[in-house]
Every structure is written in C-alpha cells, then in structure tokens.
Trainee: 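Sharing a structure below in structure tokens format, with a few things to ask.
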Amino acid sequence: MNTRKKNNLYKKKGGSKIELIEQFKDWEKNRHNYAKQWKEKSGGKVIGYFCTYVPEEILYAADVLPVRVLGSHEPQDVTEPHIFAMFCPFCRDCLAQGLKNRYKYLDGLMIAQSCLHIRQAYTSWIKHRPVEFEKFLCMPHKVQSPHSYEFLTEELKTFKKEIEDWTGKKITDSDLKKSIEVYNENRRLMKQLYELRKRDKPPITGEEVMEIVMAMQMTDKAEHNKKLKELIKELEKYNPDREVGSRLMILGSEDDDTVFMNMVENCGATFVIDDHCTGSRYFWNETENGKDPLASIAARYIDRVPCPTKDWEERRRIPHILNLCKEWNVDGVIIMQQKFCDPHELDFVAIEKALKDAGIATLFLEFDVTVPVGQFKIRVEAFLEMIGEEDLF
Amino acid sequence: METEIKYPTEKLKCWNKAKEIRLKYYKDYAEAHDNGGLRWAGGAWTFDAIPAGLGDDVYPITSEPYGATIAFDKDLSMKCMEAAEKEGYPRDLCSYMRNYWGSIIIDKYPFGYDDKGEFVPRFQGAKPLGFPKPDFIWQDHICCSHAKWYQVVSDLEGGIPMFTVDNAVGPSNELTDSKIKYVVEQLKDGIKFLEKVTGRDYNDELLYKAIKNHFVSTSRWAETCELNKAIPAPLDEKSIYSLYVLGTLQKAGKQVADFYEKDLLPEVKERVKKGIAAVPNEKFRVMSDTQPPWSFLSIFRYLEKFGCVSIGSLYTFGLIGQWEEKEDGTWGAKTIPDIDFSSRDQALYEYVKYELHKPEWQHFYSCHLKSDMMIRIGKEWKLQGVMLHYNRGCEGLTVGIAENRLALLDAGFPVMAFEGNNADEREFDEARTKAKINAFMETIGAK
C-alpha cells in the first residue's frame with residue numbers, strides 16, 4: 001500500500017535540513033544494516049530488546065548496542081503456531097521478525113517485565129531462534145511503592161554481573177556514569193526538540209518526530225546525539241510554510257505507524273505532542289546523578305512516565321497527559337491502541353473521561369499491523385471537521 | 001457411543017457441604033454490614049490472610065469466582081456484559097471482570113432472598129439484591145491487568161480505598177531474599193493501609209491463624225489432586241471445578257482449610273482405596289487447561305460417553321494448590337511448614353516464600369516452565385491426550401498456550417485445541433467443540 005504523501009518540511013532535496021531528517025529515516029528504515037555495520041566497525045555485541053523498561057545504560061556501558069525490536073507492518077502467518085490470535089498484533093509482528101531471521105545478527109535478546117503480550121514474543125523467540133545471551137529482567141510493576149527502588153537496584157546488580165560475564169568486560173562506575181551522560185544528553189535534546197513543537201508553527205511534523213524516536217531506539221546514542229544537535233540548530237531558525245491546521249496529540253499503545261501519521265498530517269492537522277513508548281514516554285525523564293549509578297538508573301525507570309501496566313493504584317498518567325495537552329496547546333487527541341492491548345483498554349475509558357472533562361475532543365482508533373488508511377481517513381477528517389467547527393461559523 | 005462400565009462409582013458425600021460453604025460465603029459478604037462487619041474485594045490470588053487480621057467479621061468477595069458465578073446465570077451475565085460494553089469497556093477484556101463491572105453498573109447481585117426468606121442464587125427464584133459495595137480493595141498483581149481491574153471497580157463505585165501488592169518477582173527457581181522482602185515490605189505497608197481505612201487495630205494472632213489455614217488449604221488441595229493419579233480417577237474435572245473453587249474464595253479461611261483437610265481429602269483417599277471411580281467407564285484419561293467455558297461444563301460430561309475422564313489440569317491443580325518435587329522425583333503436595341510464628345515479619349516472610357512457588361504463577365515469566373509442568377502431569381497422571389482451551393476471556397492464563405501445545409506435541413501427547421471464553425458465552429460454540437471432541441476421541445483411540 002503506497003498511500004504515503006510527501007509531507008516533510010523540506011520540499012527541496014539536497015539541503016542540509018532534509019539530509020538530517022533523511023538520516024534519521026535512513027537509520028530507521030535500514031535498521032538491520034545499521035546494526036550490522038556498527039557491529040563490524042566496533043567489534044561489539046548487539047542485543048535486541050522488547051520494551052522501553054530495559055535499562056539500556058547498563059548495556060551501553062558494556063559497549064553493547066541495544067536495539068529495540070519493532071515490527072515490519074507486513075501481513076504474516078509465521079506466528080500463528082506460537083501466539084494465540086487474541087494477543088496484540090504488535091507482539092506477533094515482532095516475533096515474525098525473529099522467525100523470519102531478520103535479526104540473525106543479534107548476539108542477545110532481552111525483555112524487562114511489562115505486558116504479557118510482548119513477553120510471548122520474547123519467550124517464543126528464545127526457544128525457536130536461540131541467542132548467545134537471554135534475559136528476562138524483573139522490572140517491578142508497583143512503581144508507586146517506595147520499596148520498588150531497592151528491589152530494582154538489586155535486580156540491576158544481578159543483571160550487571162550477567163552482562164559482565166557475557167561480554168567479559170568489567171563495568172565500572174565510571175563506565176556507567178559516562179553511559180548515563182550520553183543517554184541523558186539524548187533525552188535533553190529530545191525534550192528541546194519537543195519544545196520547538198510548542199510554537200504556533202511547529203518546525204517539524206509528528207511523522208518526522210516518530211522517525212527520530214524510532215531511530216533513537218536502534219542507533220548508538222552518541223551518534224544520534226550528534227545529528228540531533230545539528231537538526232535542532234537548523235529547526236530553531238526554520239519557519240515552515242506548511243499549514244499547521246488542528247494541533248493534535250496522539251497517545252496509546254506502542255505505535256510506529258508512520259503511514260497513519262502521514263495521512264493525518266495531510267488532512268489539515270499537525271501532531272504536536274504524544275504519549276507513546278515510541279515517543280515521549282521513552283525519553284521524558286533523565287537519570288539523576290546519584291552516588292550509586294545503579295540506584296540512579298533504577299530510580300529513573302521507576303519514576304519515568306509509566307506504561308499503563310504499571311500505572312496504579314493512582315492513575316498518574318492522566319494528569320501528565322492533561323498537562324501535555326495544555327502546554328502544547330492541543331485542539332484534539334487521537335487515542336489509538338493496538339488491538340487486544342488490555343492495559344491500554346483498561347485506561348482509555350478513564351482517559352477519555354478526563355479529556356472530555358477538560359473540554360478536549362477525542363477520537364478512538366484501534367490499530368492492527370496494517371491500518372485501513374482509507375477508512376481511518378474518513379474518520380479523521382470528520383474528527384478534524386468537528387474540532388474545527390468554530391472556524392466554520 | 002456408550003462404553004463398558006468397569007468400576008464402581010458413587011456421589012461425593014461432602015458435595016453438599018462444599019455447596020453450603022460457597023453459598024454461605026456470598027451470604028456473609030452480602031450481610032457483613034448488618035452485623036457491623038466489613039466487606040472487601042480482591043482477586044482469587046490475593047494474599048487473603050492479611051485482611052483476616054482485622055477481625056473475624058471481615059468478609060471477602062473474590063472477583064474471578066464471582067464473575068464465573070454470574071457467567072453460570074446466562075441471563076444476568078448477558079445484561080452485565082452489555083452494561084460494561086455500553087460504558088466503553090472492550091469485549092476482549094477479562095470476561096470475569098466484565099461480568100463483575102456489569103453487576104456494579106446494573107446494581108444486581110446474583111444472589112438474594114426467596115419468598116421463604118432463604119438466601120439462594122437468583123436463578124433459583126431470589127429477588128436479587130443490589131451489588132454490595134466493598135469497603136476496601138485488597139488485590140495482587142501478576143497478570144498485567146490485575147491492579148487495573150480494580151481501578152475500574154473503584155471508578156465505577158465512585159472511589160474505594162485500594163491497595164495492591166506486586167507479586168510479579170520472577171519464577172520460583174530464581175527466588176532471592178530481595179524478591180521475597182519486596183513483597184513482604186508491601187504487605188507490611190498494606191497492613192498500615194488496612195488499619196487506616198478501617199480504623200481497626202490489627203491482630204497478629206488472627207494473621208498467624210489465617211496463614212496456617214492458607215498452608216493447609218493449598219497443600220491439602222494439592223494432595224487431593226495428587227490422588228487423581230490413581231486409575232480409576234476418584235475425581236473428574238467437572239467435579240473438581242466445584243471443589244477447587246473454595247480455595248479461590250477464601251484459601252486462608254478456616255472453613256475452607258477444614259473442608260479440604262477433614263472432609264474432602266479423607267473421602268477421596270477412601271475412594272482410591274475402594275477403587276471408586278468418578279467415571280465408571282474410565283478407559284482414557286486427558287487433562288484440560290485454563291478456565292473452562294463455565295456455561296458449557298456439559299462438554300466434560302460429553303467426554304464420558306467415550307469412556308474418557310478429564311482428571312484435572314495444571315489450572316485446577318496449581319491455581320490454588322502448592323506442589324513440590326518429592327524425593328522419588330514425582331510431583332506431590334507441598335510440605336506444610338512446621339513453624340511457630342513469633343512476629344509479624346517472620347510470619348509474612350514465611351507466607352510469601354511459600355506462596356511465590358504457586359505453579360500457576362510461573363508461566364507469567366516463561367511459558368516453557370508451564371510446558372514442563374504440563375508434560376509432568378501428562379506422564380505422572382498417565383494421560384492419553386490434552387485438551388487446551390484457547391480462552392479468549394483470560395489473557396493471563398492463555399499467555400504462551402500455543403507454545404504449550406507445541407511442547408506437548410513434541411513430548412508425544414495428542415492435543416486438541418478449542419477456542420472459547422470462560423465467562424462470555426457469546427464466544428463459545430458448543431456444537432463445534434463437540435465435533436472437535438469427536439475427532440479427538442478418534443485420535444486417541446476412544447472412538
């Protein structure tokens with residue numbers, strides 16, 4: 001399906017701005033080549049990971065490249081014998097990549113405890129496509145408990161030792177601190193980029209930001225930082241000639257559907273903010289510079305903007321979402337979820353209500369590996385018409 | 001096809017007592033406030049010995065058996081499901097909870113009083129009561145929806161004080177002191193929460209008694225299931241469903257511990273000694289997996305036409321039962337800890353250490369651990385095949401089920417997979433499932 005329209009801000013090819021955006025896209029689209037080349041160049045190990053609760057800083061400190069496993073949005077039938085059809089399409093799409101041997105270069109594979117759906121992709125993968133190193137990291141669920149910090153710190157101590165045994169490299173506190181700094185810089189830069197989206201005329205689209213965040217999850221952060229700095233410098237002085245239209249937020253399950261983003265942004269709207277693990281949830285908070293780097297890393301993952309699986313007893317994501325809407329001056333919110341994504345399904349009724357109470361209109365859409373762009377377009381256009389109706393009269 | 005009667009059979013003598021305990025449980029919950037008592041809500045796996053320390057007049061309602069109870073009342077269940085859907089809760093969420101939420105929304109309890117003033121189920125003529133609102137929520141969280149179920153309960157009731165314990169600390173073969181302490185510390189916080197929301201002082205002696213009841217219930221239930229290794233099997237799975245449920249209601253309750261230890265276990269031992277079969281024409285033995293489609297338990301009776309008995313499942317054995325590997329390498333009931341409790345900390349530590357070995361908690365970390373246990377049951381309970389319920393109503397127990405199928409096939413067990421839903425009858429096709437059973441019976445040689 002080739003429904004994508006050119007929507008980037010940089011209409012003329014050859015300029016440095018388009019080159020920068022294209023660089024991030026290239027990393028994302030050619031993720032496997034990137035990892036293979038990195039491996040060849042550095043001689044280091046590459047580990048695939050399934051969830052953004054994986055403490056990448058520890059891997060990076062051991063000179064291991066963490067790459068997030070994402071799907072390919074192609075219909076497939078290889079996972080049917082492995083995952084029951086009532087589980088989310090994203091976890092099946094991820095497993096399909098492994099079963100189709102697209103990640104053969106991985107030396108290791110890991111997951112941090114989050115939802116059950118994606119865990120199946122991990123457990124099936126390690127059985128049918130074994131790797132040198134495998135790890136289920138017991139990330140606590142009750143991040144609102146004061147005891148979760150100590151518990152996770154202990155889990156990270158064990159994990160660090162396992163990584164040392166695997167790689168043969170002793171991870172010093174200094175290695176961890178350097179790694180934390182690289183990651184924190186990446187997070188700070190991303191927040192700077194997001195700040196630019198507050199402008200009346202955001203200098204970057206939601207689709208482009210999604211590409212940048214996805215690239216962030218599969219490249220060496222130091223390299224990503226370098227390009228990101230250059231991009232921000234360019235964007236700071238950039239005044240787009242594109243119509244902004246309605247300012248939208250998108251939130252929900254894992255979402256790397258750039259085709260959908262592109263379609264919406266060609267209907268007279270711009271995504272100015274998100275709450276996704278392929279978006280702001282991934283990088284929103286930094287690791288504090290504490291005495292014990294492992295305790296600091298643990299605190300960072302405990303205190304981050306939570307995935308719904310961990311957002312209890314209090315729903316702390318809701319005030320965060322409302323605040324994002326306010327600060328980024330949002331006109332409407334698209335709530336999407338991967339089909340069968342139980343944790344999000346258990347949140348969206350409450351989120352919808354909170355947004356309604358705040359006077360913000362919502363559109364709910366259920367995603368699959370491929371989305372029905374034509375049908376969604378009609379719904380999106382109707383939604384945009386509804387939230388823009390004041391302009392009509 | 002009727003097969004030859006080979007063994008004597010008789011009804012369980014303790015059957016009616018089991019039913020009485022269950023009915024009294026729902027009555028006690030409904031009437032708790034009449035006598036100044038408290039009501040609380042939580043899941044079947046919650047650490048229910050903890051609220052027991054608030055007094056002898058504190059009554060729980062556990063969500064999963066409550067949802068199953070509604071499912072059995074098809075008319076009420078349909079109303080509940082539709083009410084939950086109307087509020088915006090999707091159809092693929094836990095079907096027990098959709099029944100539960102629906103009963104809050106339409107304000108109907110599946111029990112009430114009949115014309116004679118007797119407390120009976122609604123389908124036996126009771127005028128239904130409204131849903132009795134709990135005073136607090138005491139939940140655990142291992143499935144990624146558990147705590148979130150109760151956020152919704154609280155939302156629907158306009159706010160209920162809620163405490164949830166994260167017990168997802170990894171598989172039992174990787175237990176460490178740190179993992180146990182993480183859960184213990186949460187329980188200690190939970191006790192403070194209970195004191196605060198109820199205004200009651202906590203009684204450690206009641207806690208100790210409840211933990212001991214818990215040990216007895218979970219170990220004696222496993223011992224009862226272990227007796228089903230016998231040929232003929234003294235219990236069939238349809239009966240097991242009515243018996244294991246007591247452990248899901250209140251495993252730390254004295255009435256449940258006593259029933260398992262003093263009524264059920266001796267009777268099942270006696271049945272084995274006398275060769276009394278659950279299915280008198282037993283010739284073939286299978287097991288199932290996950291919750292059954294509660295409105296269609298008749299499929300288990302259908303098996304009997306072929307001389308086939310379902311002896312249980314990892315689900316019925318290990319949802320409540322606690323097991324361990326014995327010296328001869330076989331699976332048997334977990335030994336009850338021989339400990340006197342002298343402090344709250346010590347009691348909680350022993351309670352958590354014991355409970356984290358629950359077999360049905362292990363597959364949340366790896367489906368392969370579950371496959372190993374299922375293959376063990378297949379061998380030790382001498383099975384000819386396995387029926388796997390691909391249950392659309394419960395993501396927690398179907399996680400990894402497709403890998404379990406592959407592993408069982410690799411181990412040489414014929415597998416029949418059938419799709420359905422534990423508590424939403426709209427998603428179960430009885431005729432098609434029976435047709436599958438016909439074919440499966442042919443596969444294992446029973447037809």
Side-chain angles (χ1 to χ4, degrees), chain A residues 79-88 113-120 122-124 126-128 136-148 150-155 157-158 307-315 337 339-343 345-350 352-353 364 366, chain B residues 87-90 92-94 97 137 139 141-152 154-155 161-171 174 176-179 181-186 189 363-368 390-393 395-396 398-403 405-407 417 419:
Chain A
T79 59
E80 285 312 300
H82 302 282
I83 298 182
F84 178 24
M86 66 162 284
F87 287 85
C88 88
Q113 178 161 255
S114 51
C115 77
L116 294 178
H117 295 235
I118 197 67
R119 206 169 307 165
Q120 292 185 109
Y122 168 75
T123 48
S124 287
I126 54 170
K127 184 173 171 77
H128 301 287
F136 167 79
L137 177 78
C138 203
M139 172 74 206
H141 279 306
K142 190 167 184 177
V143 293
Q144 293 179 21
S145 165
H147 309 293
S148 59
E150 191 183 336
F151 172 67
L152 183 57
T153 305
E154 286 302 310
E155 293 295 304
K157 278 183 197 166
T158 307
C307 164
T309 56
K310 301 185 191 299
D311 196 23
W312 47 268
E313 288 100 352
E314 196 186 327
R315 281 199 180 89
Q337 67 150 74
K339 197 172 181 180
F340 305 128
C341 174
D342 287 35
E345 286 178 344
L346 284 157
D347 262 4
F348 78 68
V349 174
E352 227 168 9
K353 185 179 179 303
F364 175 76
E366 191 174 73
Chain B
E87 287 291 310
Y89 299 101
D92 56 285
L93 285 173
C94 169
M97 293 313 289
I137 290 165
Q139 171 64 324
H141 185 95
I142 187 167
C143 163
C144 56
S145 301
H146 276 154
K148 307 202 71 70
W149 291 350
Y150 281 95
Q151 283 180 317
V152 175
S154 179
D155 289 346
M162 169 175 169
F163 193 92
T164 304
V165 176
D166 174 10
N167 54 331
V169 293
E174 293 175 16
T176 60
D177 188 52
S178 152
K179 288 169 189 277
K181 280 184 178 157
Y182 170 54
V183 182
V184 168
E185 290 304 317
Q186 292 177 73
D189 288 352
H363 71 270
F364 285 98
Y365 313 110
S366 168
C367 53
H368 310 308
Y390 277 44
N391 181 359
R392 298 178 69 89
E395 64 160 7
T398 46
V399 69
I401 197 166
E403 288 293 345
R405 176 181 164 271
L406 294 176
E419 199 162 322

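Proteins get letters first, then strands, A, B, ... in listed order; numbering begins at 1 in each.
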Trainee: Pick one of side chain, backbone, both or neither for B:E174, based on which atoms fall under 4.5 Å of a heavy atom in chain A.
Mentor: neither
Trainee: Any idea which of A:S145, A:C115, A:C138 has the most non-hydrogen atom pairs under 4.5 angstrom with chain B?
Mentor: A:C138
Trainee: With a 4.5 angstrom heavy-atom cut-off, could you sort out which part of A:F364 is near chain B: side chain, backbone, both or neither?
Mentor: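 Neither; nothing under 4.5 Å.
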Trainee: Below 4.0 angstrom, N of the basic side chain to O of the carboxylate: do B:K179 and A:E155 qualify?
Mentor: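 Yes.
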Trainee: For the candidates B:H146, B:E419, B:M97, which exhibits the highest count of non-hydrogen atom pairs separated by less than 4.5 Å from chain A?
Mentor: B:E419
Trainee: Which of the residues A:P308, A:A350, A:A85 is involved in the greatest number of heavy-atom pairs with chain B at under 4.5 angstrom?
Mentor: A:P308
Trainee: Between CG of B:D155 and CZ of A:R315, what distance do you get to the nearest 0.5 Å?
Mentor: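 Rounded to the nearest 0.5 Å, the CG-CZ separation comes out at 4.5 Å.
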Trainee: Considering only heavy atoms, which portion of B:L93 lies under 4.5 Å from any heavy atom of chain A: side chain, backbone, both, or neither?
Mentor: both
Trainee: Do NZ/NE/NH1/NH2 and the carboxylate oxygens of A:K142 and B:D189 come within less than 4.0 Å?
Mentor: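 Judged by the 4.0 Å cut-off on N to carboxylate O distance, A:K142 and B:D189 do not form a salt bridge.
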Trainee: Looking at B:A147 and A:W312, what are the two nearest heavy atoms and their distance?
Mentor: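 What the structure gives for the nearest pair is CB-CD2, 3.2 Å.
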Trainee: Verify whether one side chain among A:H128 and B:E403 offers a donor that lies under 3.5 Å from an acceptor in the other.
Mentor: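 A:H128 vs B:E403: donor-acceptor pair found between side chains.
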Trainee: Heavy-atom distance under 4.5 Å to chain B: side chain of A:F340, backbone, both or neither?
Mentor: both
Trainee: In terms of heavy-atom pairs under 4.5 Å with chain A, which of B:P90, B:S366, B:G400, B:C367 leads?
Mentor: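 Most pairs with chain A among the choices: B:P90.
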Trainee: Please classify the contact between A:L116 and chain B as side chain, backbone, both or neither, with a heavy-atom cut-off of under 4.5 Å.
Mentor: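 Both backbone and side chain of A:L116 come within 4.5 Å of chain B.
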Trainee: Report yes or no: do B:Q186 and A:H147 form a side-chain donor-acceptor pair below 3.5 Å?
Mentor: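 Checked: B:Q186/A:H147 side chains show no N/O donor-acceptor pair below 3.5 Å.
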Trainee: Indicate yes or no for a side-chain donor-acceptor contact from B:Q151 to the backbone of A:L346 under 3.5 Å, with no hydrogens or angles considered.
Mentor: no
Trainee: Using only atom types and a distance under 3.5 Å, with no angle test, would you say the side chain of A:Q113 pairs donor to acceptor with the backbone of B:A168?
Mentor: yes
Trainee: Measure the spacing between CD of B:E395 and SG of A:C88 and express it to the nearest 0.5 Å.
Mentor: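 Reported value, rounded in 0.5 Å steps: 9.5 Å.
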Trainee: At what distance, to the nearest 0.5 angstrom, does OG1 of A:T123 lie from OH of B:Y365?
Mentor: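 Reported value, rounded in 0.5 Å steps: 14.0 Å.
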Trainee: I need the single residue from B:D92, B:T398, B:N391 that forms a side chain to side chain contact (heavy atoms under 4.5 Å, CB included) with A:M86. Which is it?
Mentor: B:T398
Trainee: Out of A:T309, A:D347, A:D342, which one racks up the most heavy-atom pairs below 4.5 Å with chain B?
Mentor: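 Heavy-atom pairs under 4.5 Å are most numerous for A:D342.
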Trainee: Does the plane of the ring in B:Y182 sit parallel, tilted or perpendicular to the ring in A:F151? Use 30° and 60° as the thresholds.
Mentor: parallel
Trainee: Are there more than 12 heavy atoms of other residues, nucleotides or ligands under 6.0 Å from atom CD of A:E150?
Mentor: no
Trainee: Please classify the contact of B:I142 with chain A as side chain, backbone, both or neither, using a heavy-atom distance under 4.5 Å.
Mentor: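 Contact with chain A is through the backbone of B:I142 alone.
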Trainee: Atom CZ of A:F87 and atom CD1 of B:I401: how far apart are they, to the nearest 0.5 Å?
Mentor: 8.5 Å
Trainee: Could you give the distance from CD (B:Q139) to CD (A:E313), rounded to the nearest 0.5 Å?
Mentor: 10.0 Å
Trainee: Go through the atoms of A:T158 and report whether side chain, backbone, both or neither lie under 4.5 Å from a heavy atom of chain B.
Mentor: neither
Trainee: With rounding to the nearest 0.5 Å, note down the distance linking CZ in A:F84 to CZ in B:R405.
Mentor: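 That separation rounds to 12.5 Å.
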